[in-house]
Amino acid sequence: MNENDDANFSQLQAAAEAKALDLIARAEQTKQGLAFKLERRGIAAGAVRAALDALEASGVIDDERFGRLWLGARLARRAGRAETPRTLEAALRARGLDKRTAAAALEKVLDEVAEAALFERFLQKTFPLAGGERTGDPSVARNRLKAEGFSPALIERF
């Protein structure tokens, strides 16, 4: 690389950072989501990576923070869904978070009260009451609850 190439790359990186900051100002973003949006706008992948790495190092981009905010909003609206820890983690992963980051965000947001609310909603939708009793085989229900990612302590109380 010569000086002109270095200068051109720096300009591309600065343009990528500026556009990323514009997008972040509108709404919290994931690193992967920003990379997709910037590359779609024709900014070179190398410049995008460098810009996003710098923004991540400075704390402007934080995938775990995105996950916590997204989960908080999702749990607050509860649009009639019978969500589980597993489905929430999958939704975060679909938004570009890696498994570790999604799990960390979920662990911070899903306290005992929030998990119990998810658990109760899931039970009502999946194993409704009939004559004051839950329908279905209890061992099948336990296995399903475990597969859905509910905590062992909560399942034990069930």
Taking C-beta and beyond as the side chain, do K37 and Q29 meet within less than 4.5 Å on heavy atoms? yes
Item to check | Donor + acceptor pair across side chains of E148, T87 (<3.5 Å) | outcome: no
Linking I/L/V/M/F/W/Y whenever any side-chain heavy atoms sit under 4.5 Å apart, do I155 and L123 land together?
yes
One should read off an interatomic distance between R68 CZ and T101 OG1, to the nearest 0.5 angstrom, of 11.0 Å
| Any side-chain heavy-atom pair of T84 and L145 under 4.5 Å | no
Closest heavy-atom pair, G96 versus D63, reported as atoms and distance to 0.1 Å, is O-OD2, 4.4 Å
On a heavy-atom basis, the closest approach of G149 and E115 is O-OE2, 4.3 Å
Would you say that more than 12 heavy atoms from the other residues, nucleotides or ligands in this model lie under 6.0 Å from the CZ of R40, or not?
yes
Side chains of T30 and L97, heavy atoms from C-beta outward: is any pair under 4.5 Å?
yes
For V48 and A35 the tightest heavy-atom approach is CG1-CA, 3.7 Å
Q. Is a side-chain donor or acceptor of D62 paired with a backbone partner of E56 at a separation under 3.5 angstrom?
A. no
Contact between L118 and F150 at the side-chain level, heavy atoms closer than 4.5 Å - yes or no?
yes
- Under 3.5 Å, is there a donor-acceptor pair between the side chain of R77 and the main chain of G72? no
*So, K108 and E64, do they make that salt bridge, N to O below 4.0 Å?*
yes
Evaluate the criterion side chain to side chain contact (heavy atoms under 4.5 Å, CB included) for residue pair L23 and R41; output intermediate values, then yes/no. CA-CA 12 Å; L23 292 167; R41 285 172 170 80; 4.1 Å; yes
- Would a hydrophobic clustering, with Ile, Leu, Val, Met, Phe, Trp and Tyr connected at side-chain separations under 4.5 Å, put L92 with L69? no
Smallest heavy-atom separation, L106 atom then E89 atom, equals CD2-CB, 4.1 Å
ask   = Just wondering, do E17 and Q13 contact through their side chains at under 4.5 Å, heavy atoms?
value = yes
Side-chain donor or acceptor of S58 paired with backbone N/O of L55 under 3.5 Å: yes
Heavy-atom side-chain proximity of R144 to F122 below 4.5 angstrom: yes
Tightest non-hydrogen contact, residues A47 and L12, listed as CB-CB, 3.6 Å
What one should report as the nearest heavy-atom pair of V60 and I24 is CG1-CD1, 3.7 Å
Decide yes or no for L88 and L75: does some side-chain heavy atom of the first lie under 4.5 Å from some side-chain heavy atom of the second?
-> yes
Do NZ/NE/NH1/NH2 and the carboxylate oxygens of D53 and R49 come within less than 4.0 Å?
no
For this session: Check the pair E83 / R121 against side chain to side chain contact (heavy atoms under 4.5 Å, CB included), numbers first and verdict last.
Result: CA-CA 8 Å; E83 294 181 306; R121 186 175 197 81; over 6 Å; no
Check: Heavy atoms, side chains only, cut-off 4.5 Å: are I61 and F66 in contact?
Finding: no
